[in-house]
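Okay, structure first, notes after.
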Amino acid sequence: KLVGYNTDCLGATDALLEKTGIKDKDVVILGSGGAARAIGFGIVSEGGRLTISGVLKDEGENLAKDLGVNYYHLSEFRNIDCRILINATPVGMTPDTEAMPVQSEDLSKDMVVMDIVYNPIKTRLLKEAEDIGCITVDGASMFVYQGAAQFEMWTGTKAPVDIMRSTVLNVLRKGAL
């Protein structure tokens, strides 16, 4: 008997929960692909008030419908209540590291900003968010918690998250991934 799992959901929610609560918070996910779907499911399961935002209207509306939440085009981002912002797009990933999915002026210091991109570890979005005082969550944290979930599923034992984090960050800093 085969059983399949997707650890995007656990990886993202565990990384967020390390820095902030999710329940009853206004969460916006940028993007509507597979990672956004899994993360969105996790946010809704944790009691967050989710909104999907992006540029692919049909895909975004379908995801929002499946999750029972609202969809807004990215151009309307400034009009959406947001306490946790999650970039689930490849915008800002190597080699286009200067790109951002939203403008700096769209961020506010009381936001938690997560970027699931892990190459580079600190995207321009995260740098800009830190500069104004936001709490940030990098994609490497999600990556580590995904690996931890996989380790625990395979072995039935608690994952050594600190060792895993140190190893992943060392490899990413060397540019090996």
Side-chain angles (χ1 to χ4, degrees), residues 8-33 35-55 60 63-64 67 69-146 148 161-162 164-166 168-169 172-173 177:
D8 286 353
C9 174
L10 288 173
T13 55
D14 286 352
L16 272 171
L17 289 168
E18 190 174 59
K19 301 266 184 118
T20 187
I22 298 171
K23 186 173 177 51
D24 298 325
K25 300 244 177 99
D26 293 311
V27 181
V28 175
I29 293 180
L30 304 177
S32 53
R37 179 174 292 276
I39 296 167
F41 176 82
I43 296 300
V44 170
S45 297
E46 290 289 333
R49 292 185 298 268
L50 179 63
T51 299
I52 303 296
S53 183
V55 295
L63 175 56
L67 294 174
V69 302
N70 291 320
Y71 167 82
Y72 293 96
H73 191 272
L74 185 58
S75 62
E76 300 177 76
F77 177 74
R78 288 183 180 165
N79 303 320
I80 306 169
D81 288 332
C82 180
R83 289 297 142 240
I84 301 173
L85 172 64
I86 303 170
N87 178 33
T89 76
V91 176
M93 184 167 42
T94 299
D96 195 12
T97 58
E98 287 304 306
M100 286 181 44
V102 296
Q103 301 302 311
S104 303
E105 50 272 7
D106 295 335
L107 304 174
S108 64
K109 67 180 179 179
D110 58 343
M111 283 182 178
V112 174
V113 179
M114 177 177 189
D115 198 332
I116 73 167
V117 169
Y118 58 82
N119 188 8
I121 297 169
K122 193 174 286 189
T123 61
R124 180 171 172 211
L125 173 64
L126 294 180
K127 288 176 192 170
E128 301 265 347
E130 278 183 357
D131 286 349
I132 65 166
C134 297
I135 294 171
T136 61
V137 181
D138 60 49
S141 294
M142 176 177 160
F143 187 70
V144 166
Y145 278 111
Q146 284 177 279
V161 174
D162 290 339
M164 294 172 77
R165 182 186 330 270
S166 174
V168 165
L169 291 175
L172 286 171
R173 286 186 184 118
L177 281 183

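Positions are given from 1, in the same order as the sequence printed here. What you are looking at is a predicted structure, and each value in this text was computed from that prediction instead of being measured.
Of the possible polar contacts, none joining the T136 side chain to the L126 backbone as a donor-acceptor pair under 3.5 Å is found. Looking at Y71, its side chain does come within 3.5 Å of a backbone N or O of G54 through a donor-acceptor pair.
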TODO: Show your reasoning for whether side-chain contact (heavy atoms from CB on, under 4.5 Å) applies to N79 and Y72.
DONE: CA-CA 9 Å; N79 303 320; Y72 293 96; over 6 Å; no
- [ ] Quick one: do R83 and D26 satisfy salt bridge (charged side-chain N to carboxylate O under 4.0 Å, His left out)? Show the steps, please.
- [x] CA-CA 5 Å; R83 289 297 142 240; D26 293 311; 5.6 Å; no
Open item on the list: side-chain contact (heavy atoms from CB on, under 4.5 Å), that's the test. Do I116 and D8 meet it? Break it down for me.
Closed with: CA-CA 10 Å; I116 73 167; D8 286 353; over 6 Å; no
Task: Test log, rule side-chain contact (heavy atoms from CB on, under 4.5 Å), inputs I84 and M111 - done: CA-CA 6 Å; I84 301 173; M111 283 182 178; over 6 Å; no
Open item on the list: Using the rule given for side-chain contact (heavy atoms from CB on, under 4.5 Å), can you reason through R49 versus V27, listing the C-alpha separation, both sets of side-chain angles and the distance that settles it, and then say yes or no?
Closed with: CA-CA 6 Å; R49 292 185 298 268; V27 181; over 6 Å; no
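Separation of atoms CG (L85) and CD1 (I29) is listed at 9.5 Å; rounding is to 0.5 Å. Atom-to-atom distance recorded for T89:OG1 and L74:CG is 8.5 Å, nearest 0.5 angstrom. For the atom pair CG (L125) and CG (L107), the distance works out to 6.0 Å, reported to the nearest 0.5 Å. Interatomic distance, OG1 of T123 versus CG of D115, reported as 3.5 Å (0.5 Å rounding). In this structure, I22 CD1 and L17 CG are separated by 4.0 Å, a value rounded to the nearest 0.5 Å. Note: I39 CD1 to F41 CZ = 13.0 Å, rounded to the nearest 0.5 Å.
Between L50 and I52 the shortest side-chain heavy-atom distance falls below 4.5 Å. Proximity of T20 to I135: side-chain heavy atoms (C-beta onward) are nowhere separated by under 4.5 Å. Between Y118 and V168, the closest side-chain pair of non-hydrogen atoms is not below 4.5 Å. I86 is listed as a side-chain neighbour of I43, based on a closest heavy-atom distance under 4.5 Å. Between V117 and P90, every side-chain heavy-atom pair lies at or beyond the 4.5 Å cut-off. Residues Y145 and L10 fail the side-chain proximity criterion, which asks for heavy atoms closer than 4.5 Å. Counting heavy atoms from C-beta outward, M114 and K19 have side chains that stay 4.5 Å or more apart.
Heavy-atom minimum distance, A36 versus G31: CB-O, 3.4 Å. In plain terms, the two heavy atoms of L169 and A140 that are nearest each other are CD2-CB, 3.9 Å. The shortest non-hydrogen separation linking L63 to S32 is CD2-CA, 3.7 Å. Residue R165 comes nearest to V144 through the heavy atom pair CA-CG2, 3.6 Å, listed as atom of the first residue, atom of the second, then distance. The two residues M164 and A148 have their closest heavy-atom pair at CE-N, 3.3 Å.
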Mind listing the side-chain donor-acceptor pairs of residues 95-105 below 3.5 Å, one per line with the distance, residues two or more places apart or on another chain?
unit_1: S104; atom_1: OG; unit_2: E128; atom_2: OE1; d: 2.5

